[in-house]
Amino acid sequence: MQVFLRQAILGILVVLSALTLTFILVRLSGDPTSIILPQDATEAQRALLREQLGLNQSLVTQFLSYLGNAVTGDFGKSYFDSESVTSIVMRHLPNTLVLAGASLAIACLFALPLGVMAAVWRDGPVDRFVQVAAVIGASMPSFWVGLLLIQVFAVGLNLFPTYGTGSAAHLALPALTLAIYAFPSLARLTRSSMLEVLPQSYVMAARAKGMPESRVISRTVLRNGMVPVLTLLALEIGNLIGGAVLTETVFAWEGIGRLAITSIQRRDFPVVQGVVAYVAVGFVIVTFLAEVAIRFVNPRLRHK
Amino acid sequence: MGVHSRTRARFTALHGTRAAMLAFGLSLTAAPFSLSDALAQTATARIALSGGLDRLDPSMSANGTDLVVMSQIYETLLQIDPATGELKPKLAESYSAKSPTVWEIKLRKDVTFHDGTPLTAADVKYTLQRLLDKDLGSPHYSQLTSIKEVRAVDDHTVEIETETPNPVLMRRMQPIGGSGRVFIVSKAYFESHTPEELINQPMGTGPYKLESWQKGNSLTLARNEDYWGEKPAIEKGIFTFIPENSTRVNALLQGEVDVIQRLPISDVERVKQSDNAHVVSSPNGLVHTLLLDSSKPPFDDIDVRKAFAHALDTEDMVDGLLGEYGRVLGVPLGPNAVQFDDTIEPYAYDPDLSEKLLEGKTPIKLDTFTSDGRYVNDRDFYQVINSQLDQVGFEITPQTLEWGRFINMMQNRSGGPFYIIGWDFGEGDASKMNSFLQSSSALSVTQDAEYDRLVAAAGQEPDDAKRTEIWKQVQKYVHDQYFIAAVWQASSLYGFSKKLDWTANFGENLALSEFKLSQQ
């Protein structure tokens, strides 16, 4: 229980620091009135807009009112279309969750079995393949992979639409792009944590008891070896949101990554702050769940 | 009927692939697909914009993509005649100067808003007064401040009185040119709706009505069947948003959209060679100015400015980077502007002269900022400029900045010794030059009393011929003073499906109502 409490407090601290940092960073990035108004707007026009947006108040005042509202879930309104940040984020978030979920599923589908096989048959052909694939996957930037996939599967073979959000057909290419992005770290970690568990004495003991090898791997090795992988999966969600920024832009996928990048480019402070807040909270929750899951998979940790 | 069968053919082709995907079980929620069924019956244009839409209240937005949609829903009193560049009536029946400070505008009597109410002088008066409400914070405000009073004389006559003679004011009454536009809104509708509703539910007199808007996803315009003017060919316009250049081009080539905005110059050949798309261009795109900060050393010295300008082989640079879609100009002014002086030649490439002018002054070290992706091939332009300057004795240390930060620095007059800014001369008047040359302008790095004196005189000259004369003097003066080292204009490029065609007269203004179905 105590562990969970500590985890919760840590989580709150993480969210708070994320909120504070974003608040400072967006304000360091420049004056939104330069972007919102036409480029040759007068200084008087810009001053008026700054006043209307509350940007002329002292930073402390702005920060306190922002934090006060954020606690109640109110992140203000977009500078551009006056829509509430919460409703903007809520419109984009499901798309990103679908994309991240699908790509994580694809990545796991390939990375976990391949990682296990690579460890079990170390230095064999599967191992070689995983290592090479991981290096290739890690060295291809996701926007490039995305463009490549569009060129081959959408333009060349005409199997999928080139852009847009909506159906499963629209999802296929961006999900594959992100899966390729997530695959290397997952496969490598699965392999290395399996390799760590395999020579352990309890694995030997299991074998000595006469357990069939398939059972040794699936029960003993996997259970223990999965702990770091689960932790990584939680971290991978954060990583995927990062990867989603580029992937969503390439595919015009209406998700939170694309929302973040457009809002940053046009200095829509409330939306940037809102996106970071929701992602931070989501990330903390996922890490927390991973913690729970780890304890579930590995009973020894429950009593620590 | 021919129209319908052609459009049907297009959608049938689309359906083939879609059906295949359904068969593979790939489509879960086939929303866009069922949409295309309904569209198969109508002449539809699917348009991919390069950015999203924010607010469709014409008093509150001057954003390019918003304007594309707003100018189909809302209309202006006047318009530009593409053949002559002169103003002609639109919602107005006629307009005239009653005195140097009073304009009289007679309105058409057959115009109605989408809600069926007739357009009256009260609507025009309300529109202008709303824009002039300082607290509204309209982006168009600063270009209209010369207006003193607006009077509704009778139901169809409006008088606009200005503080001092303002001959350019009528240019604000046409739809092209970015900020400063006056789109006429309905007084009754605007007074009875909240600002949020006005942003989201535009309602004007234009050839198209808003049918639906799924924020961030698509916006659909339907033809206004009760339109007072000529009925457009296209019944429905569906706007989507694809910020990534190559994705936009692919969507066009795959037939997923019919029209794309901002066709990248590098993809022109691909579009030209494709079976289903073609390029539409207008030479009247952004006018790019290479501004020199003459308010500070080293460019406060005219010899250094002169050396800078003659060190550049602008003709070669524009030819190499823009090809047939760019042109070098002698003056910082769109050739569509009525006062454009085509007798002034661009600065000649003469590096020997530059070296001579810089004798004893080199090396001149400059820390500069550059943009990447804001304008067509801007990074390459900066690279070529820097390397040519390097050869005559300048030492440039460039740093690339993201646009939001860069424009902010320019507005604080700390954008570095020289940089490129592009200007929309769609309005067709030389007064746009003031945005970057008049001392009082936010983006001007020129502080020159003689320039200010000349343009002040031009700004109040009611006689068109005399005004043109003064503006020609200004152009000569700016050229002789080397305030701006190079000027080039990049074409506005669009990709169109072969099923559609459009004559782009005004650069950045994508007008759905002017699209035609191709006669194939």
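Residue numbers start from 1 in every chain, and the chains themselves are labelled A, B, ... in the order their sequence lines are given, proteins ahead of strands. Atoms considered below: every heavy atom in the structure, side chains included; atoms not considered: hydrogens, waters and symmetry mates.
Looking at A:Q151, only its side chain comes within 4.5 Å of chain B, counting heavy atoms on both sides. With a 4.5 Å cut-off on non-hydrogen atoms, A:I150 touches chain B through its side chain but not through its backbone. Only the side chain of A:Q52 comes within less than 4.5 Å of a heavy atom of chain B; its backbone N, CA, C and O stay farther away. Of the two parts of A:L53, neither the backbone nor the side chain holds a non-hydrogen atom closer than 4.5 Å to a non-hydrogen atom of chain B. No part of A:A44 comes within reach of chain B, as not one of its non-hydrogen atoms sits under 4.5 angstrom from that chain. For a residue to count as touching a neighbouring chain, one of its non-hydrogen atoms must lie under 4.5 Å from one of that chain's; by this rule B:A251 touches chain A with backbone and side chain alike. The part of B:L136 that comes within reach of chain A is its backbone (N, CA, C, O), which places non-hydrogen atoms under 4.5 angstrom from that chain. With a 4.5 Å cut-off on non-hydrogen atoms, B:F436 does not touch chain A at all.
If you take CG on B:N412 and OG on A:S34, they are separated by 7.0 Å, rounding to the nearest 0.5 Å. In this structure, OG on B:S138 lies 11.5 Å from CG on A:L49, to the nearest 0.5 angstrom. In this structure, CG in B:N63 is found 11.0 Å from CD1 in A:I35, a value given to the nearest 0.5 Å. The CG atom of B:L56 lies 10.0 Å from the CG atom of A:D81; values are rounded to the nearest 0.5 Å. Here B:N217 contributes atom CG and A:R91 contributes atom CZ; the two are 9.0 Å apart, rounded to the nearest 0.5 Å. Separation of atoms CG (A:D40) and CH2 (B:W423) is listed at 5.0 Å; rounding is to 0.5 Å.
Your options are B:S179, B:A48, B:G404, and the one with the most heavy-atom pairs under 4.5 Å with chain A is B:G404. Of the residues considered (B:H140, B:R405, B:M410, B:K134), B:R405 shows the highest number of contacts with chain A, using heavy-atom pairs under 4.5 Å. Contact count versus chain B (heavy atoms, under 4.5 Å) is highest, among A:L37, A:I88, A:L147, A:V155, for A:V155. Contact count against chain A (heavy-atom pairs under 4.5 Å) is highest for B:I242 among B:D66, B:I242, B:I407. Interface check for chain B: of the options A:S78, A:G146, A:A154, the most heavy-atom pairs under 4.5 Å are formed by A:A154. For the options A:K77, A:R258, A:R46, heavy-atom pairs under 4.5 Å to chain B are most numerous at A:R46. Counting heavy-atom pairs under 4.5 Å between each of B:E196, B:K215, B:M409, B:R248 and chain A puts B:K215 at the top. Comparing B:S435, B:S142, B:A442 by how many heavy-atom pairs each has under 4.5 Å with chain A, the most go to B:S142.
Counting only distance, with no hydrogens or angles, the side chain of B:Q411 and the backbone of A:Q39 share a donor-acceptor pair below 3.5 Å.
With no hydrogens or angles considered, no side-chain donor-acceptor pair links B:E244 and A:T249 at under 3.5 Å. For the residue pair A:T42 / B:Y141, no side-chain donor-acceptor distance below 3.5 Å is found, with atom types taken as modelled. Side-chain N/O atoms of A:T162 and B:N250 include no donor and acceptor closer than 3.5 Å.
Residues B:I199 and A:S82 have side chains in contact (heavy-atom distance under 4.5 Å, counting atoms from C-beta outward).
Here A:E83 does not pair with B:R55 in a salt bridge; the nearest charged N to carboxylate O distance is not below 4.0 Å. Between B:D54 and A:R266, at least one side-chain nitrogen of the basic residue sits less than 4.0 Å from a carboxylate oxygen of the acidic one, meeting the salt-bridge criterion.
Heavy-atom neighbours of A:F110 CZ from other residues, nucleotides or ligands within 6.0 Å: at or below the threshold of 12. Shown here is A:F153, whose CZ atom has no more than 12 heavy atoms of other residues, nucleotides or ligands within 6.0 Å.
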